[in-house]
**Q** 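After the structure tokens below, expect a handful of questions from me.
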Amino acid sequence: MKGGVLFVLALCACRVGEDYQAPEPDLPASFLGDENAPASLSAEEARWWTAFRDPTLDRLVQRALAQNLDLFIAAQRIREARAAVRIVGGDARPSADLGARAARREPSTSVAGGEFLPDDSAALFSLGVDARWELDLFGRTARLVEATEAERDALVEAGRGVLLAVLAEVARNYIALRGTEAELELLRRELASQRDTQALVAARVQAGLEVEAALARSRALAATTESLLPVLAQRRETHAHALAVLLGEWPGELLGELEPAREQVQEQALPAPPDAIASGLPVDLLRRRPDLRQSERQLARASALSAQAVAELYPRISLGAAFGWESESLAGMFDAPSRAYSVGGSLVTPLIHGGILRWVIRARDAQEEQARLAHERAVLEALREVEDALTAWSRTRARIPALVEASAAQREALELVRERYTSGLEDYLGVLDSERGVLLSESALVRGRVELALSAVALYKALGGGWEAVEGESGALAAARGAP
């Protein structure tokens, strides 16, 4: 008996089809756009948003982790996938049903000749247990469980991808909001300066030292600058609305919370990225980027389904047993003669299916190859995104010193031109050009600094970092991880 049980267990451990082997892409030794020596992210750098040294950004990130609705949706998908693993796995275990039945039979006398039939009324009562177990001899169910587990793992990685996207979107919208505020402050300062120049031109016109056309040009410049204020205010509110939704709050709720910073914001108050960002090695992307981890799990699922299709060619063996009581009266229901049982088994093997099973195998093999190619393409896309982000980061950093120099030079030129204009040595066209130049150069400097911060966010996201450090802080994903 013991040997028979061991034999059955050995058969159940036999799986047909090829076992999955995780791919090992041939990756470059380092990133082309990385001018620094390759290094792994430190524990502090893993929480990359803290590198901007902005307490408000840190608070917004924590609220998004606790309240973002996309994270809750991802968590429910993970819970659903975990339940699916249990459902599919249940097919490989024995099952039993408890059944009870009570019935009374009385023949009809309304049919032809029914009145001549003997009275054959009778009652029947039954109670019993019916057990079944399909032996997974060739791994059909085991492969299906393997595929379902891989699908669950892929959804876990998808949830981590959502977490990474939420972190990046919160940082991106916050930086853009602060950059818009800096541009608003710059426009207000320049508008005040242009109004002062307009007053000076008006005084010179009244004194007969300047023509009316100069005053008209001065008014036009100030009006044009003033017309940009509502545009930037609208842009600021749009970013605030986006932040509120990321935090799981009504659009507009953050406007009041962030409003006090509007009047005090200065160009230097923009969130500044660190001086250097460690990119690590290309091979680290396979571990860090959730989308690559997800595509690898999708490949594992396709491989398991391909092996499961092969298992469908092999026989199915099922064992069954039933035990209970049957009686025509409740009084004798549990007497010894009322006991009934059955033990048996069945074997079903594919015979003629019009070649469908073979074509299913071919379809599954094609799906597996598609998943393999999709994973290879995802790796290439990840490398491209990192290289693009590194290039944008380094090139934008290289622009900042020139923008600073241009802004300072334009401001100095404006002061000199104003002095010459006041002394009557320069006409108003020179002042007009200088004021326009100051506005353009300082706006370019603000946008350059915003672009630098945004390029840092894009680089951190492309590297795939951040989700490991805070996955446990996301209430939704933490709950899903603990779900059965």
**Q** To the nearest 0.5 angstrom, please state how far the CG atom of Asp284 sits from the CZ atom of Arg289.
**A** 13.0 Å
**Q** With a 3.5 Å distance limit and no angle check, can you tell me whether Arg53 reaches the backbone of Pro274 through a side-chain donor-acceptor pair?
**A** no
**Q** Is the backbone N or O of Ala322 less than 3.5 Å from a side-chain atom of Asp130, with the two atoms forming a donor-acceptor pair by type?
**A** no
**Q** If we ignore hydrogens and angles and just use 3.5 Å, is the side chain of Ser227 paired with the main-chain N or O of Thr224 as donor and acceptor?
**A** yes
**Q** Does Arg236 reach the side chain of Leu258, with side-chain heavy atoms less than 4.5 Å apart?
**A** yes
**Q** Salt bridge or not between Glu376 and Arg372? Use side-chain N to carboxylate O under 4.0 Å.
**A** no
**Q** Using a 3.5 Å cut-off and no angle test, enumerate the donor-acceptor pairs between side-chain atoms of residues 337-363 and protein atoms at least two apart in sequence or in another chain.
**A**
residue : atom : partner : partner atom : Å
Ser338  : OG   : Gly332  : O            : 2.7

**Q** Taking all non-hydrogen atoms of both residues, which atom of Leu254 and which atom of Ala244 are closest, and how far apart?
**A** CD1-N, 3.6 Å
**Q** Please report the C-alpha distance between Tyr174 and Val61 in whole Å, then the side-chain angles of each, then the deciding distance to 0.1 Å, and finally whether the side chain to side chain contact (heavy atoms under 4.5 Å, CB included) criterion is met.
**A** CA-CA 10 Å; Tyr174 178 75; Val61 166; over 6 Å; no
**Q** More than 12 heavy atoms of other residues, nucleotides or ligands under 6.0 Å from CZ of Arg132: yes or no?
**A** yes
**Q** Enter the distance from Leu243:CG to Glu253:CD here, rounded to the nearest 0.5 Å.
**A** 12.5 Å
**Q** Holding to side chain to side chain contact (heavy atoms under 4.5 Å, CB included), I want the full list of residues that pass it with His239, two or more places apart in sequence or in another chain.
**A** Asn173, Ala176, Leu177, Thr180, Arg235
**Q** Nearest 0.5 angstrom please: Ser295 OG to Leu286 CG, how far?
**A** 8.5 Å
**Q** Quick one: does Glu387's side chain have a donor or acceptor within less than 3.5 Å of a partner on Leu32's backbone?
**A** yes
**Q** Verify side chain to side chain contact (heavy atoms under 4.5 Å, CB included) between Val156 and Arg160, making sure each step is shown before the conclusion.
**A** CA-CA 6 Å; Val156 170; Arg160 290 166 173 166; 3.9 Å; yes
**Q** So, do Leu383 and Phe31 sit near enough that their side-chain heavy atoms are less than 4.5 Å apart?
**A** yes
**Q** Should we count CD of Glu18 as having more than 12 external heavy atoms under 6.0 Å?
**A** no
**Q** Test side chain to side chain contact (heavy atoms under 4.5 Å, CB included) on Leu57 and Thr50 and set out the steps.
**A** CA-CA 8 Å; Leu57 175 58; Thr50 61; over 6 Å; no
**Q** What are the two closest heavy atoms between Val450 and Gly179, and how far apart are they?
**A** CG2-CA, 3.4 Å
**Q** Looking at Arg172 and Glu169, does any basic side-chain N land under 4.0 Å from a carboxylate oxygen?
**A** yes
**Q** Quick check on Asp275: does its CG atom have over 12 non-hydrogen neighbours (other residues, nucleotides or ligands) under 6.0 Å away?
**A** no
**Q** I'd like to know if the side chain of Glu468 reaches the main chain of Gly466, judged simply by a donor and an acceptor atom lying under 3.5 Å from each other, with no hydrogens or angles considered.
**A** yes
**Q** Tell me whether the count of non-hydrogen atoms from other residues, nucleotides or ligands lying under 6.0 Å of CZ in Arg63 goes above 12.
**A** yes
**Q** When you measure from the side chain of Ser394 to the backbone N and O of Leu390, does any donor-acceptor pair fall under 3.5 Å?
**A** yes
**Q** Look only at the side chain of Ser407 and the backbone of Leu403, and say whether a donor-acceptor pair between them is shorter than 3.5 Å.
**A** no
**Q** Considering all heavy atoms of both residues, which atom of Lys461 and which atom of Ala168 are nearest to each other, and what is their separation?
**A** CD-CB, 3.7 Å
**Q** Can you name the closest pair of heavy atoms from Ala302 and Glu368 and give their distance?
**A** CB-CA, 3.6 Å
**Q** Using salt bridge (Lys or Arg N to Asp or Glu O under 4.0 Å), reason through Glu80 and Arg77 one step at a time and then give a plain yes or no.
**A** CA-CA 5 Å; Glu80 178 186 359; Arg77 289 173 179 160; over 6 Å; no
**Q** Do Glu149 and Val145 have side chains that approach each other closer than 4.5 Å (heavy atoms only, starting at C-beta)?
**A** yes
**Q** Applying side chain to side chain contact (heavy atoms under 4.5 Å, CB included), run through Thr56 and Arg178 and close with a yes or a no.
**A** CA-CA 11 Å; Thr56 303; Arg178 291 306 189 204; 4.2 Å; yes
**Q** For residues Gly465 and Leu164, report the shortest heavy-atom separation together with the two atoms involved.
**A** O-CD1, 3.1 Å
**Q** Distance-only, no hydrogens or angles: does the Gln67 side chain make a donor-acceptor pair with backbone N or O of Leu247 under 3.5 Å?
**A** yes
**Q** Output the distance between atom CG (Leu184) and atom CG (Leu232), rounded to the nearest 0.5 Å.
**A** 4.5 Å
**Q** Only one of Ile277, Leu463, Leu167, Leu459 forms a side-chain contact (heavy atoms from CB on, under 4.5 Å) with Trp48, so which one is it?
**A** Leu167
**Q** Could you check if a side-chain atom of Leu127 sits within less than 4.5 angstrom of a side-chain atom of Phe334, using non-hydrogen atoms only?
**A** yes
**Q** Can you name the nearest heavy-atom pair linking Asp136 to Ala142, along with the distance?
**A** OD2-N, 2.8 Å
**Q** Just how far is it from atom CG of Asp153 to atom OG1 of Thr148, taken to the nearest 0.5 Å?
**A** 11.0 Å
**Q** Using modelled atom types only, decide if a donor and an acceptor are shared between the side chain of Arg293 and the backbone of Arg287 within a distance under 3.5 Å.
**A** yes
**Q** CD of Gln62: more than 12 outside heavy atoms within 6.0 angstrom?
**A** yes
**Q** Is any side-chain heavy atom of Trp49 less than 4.5 Å from a side-chain heavy atom of Val170?
**A** no
**Q** Return each pair, listed once, that meets side-chain hydrogen bond (donor to acceptor under 3.5 Å, both in side chains) where at least one residue sits in residues 310-325; pairs must be two or more places apart or across chains.
**A** Gln308-Glu312, Glu312-Arg316
**Q** Taking NZ, NE, NH1 and NH2 as the nitrogens, is one of them in Arg59 or Asp54 under 4.0 Å from a carboxylate oxygen of the other?
**A** no
**Q** Looking at Glu405, I'd like to know if its CD atom is crowded, meaning that more than 12 non-hydrogen atoms belonging to other residues, nucleotides or ligands lie closer than 6.0 Å.
**A** no
**Q** Return the CG to CD distance between Leu445 and Glu183, rounded to the nearest 0.5 Å.
**A** 10.5 Å
**Q** Can you see whether Arg364 engages Gln367 through a side-chain donor-acceptor pair at a distance of less than 3.5 angstrom?
**A** yes
**Q** Does the pair Gln298 and Arg301 meet the rule for a side-chain hydrogen bond (donor to acceptor under 3.5 Å, both in side chains), with working shown?
**A** CA-CA 5 Å; Gln298 289 170 338; Arg301 175 182 179 273; over 6 Å; no
**Q** Would you say the side chain of Pro315 lies within less than 4.5 Å of the side chain of Leu137, judging by non-hydrogen atoms?
**A** no
**Q** Whether the side chain of Trp467 engages the backbone of Arg288 through a donor-acceptor N/O pair (distance < 3.5 Å, no angle test) should be reported.
**A** yes
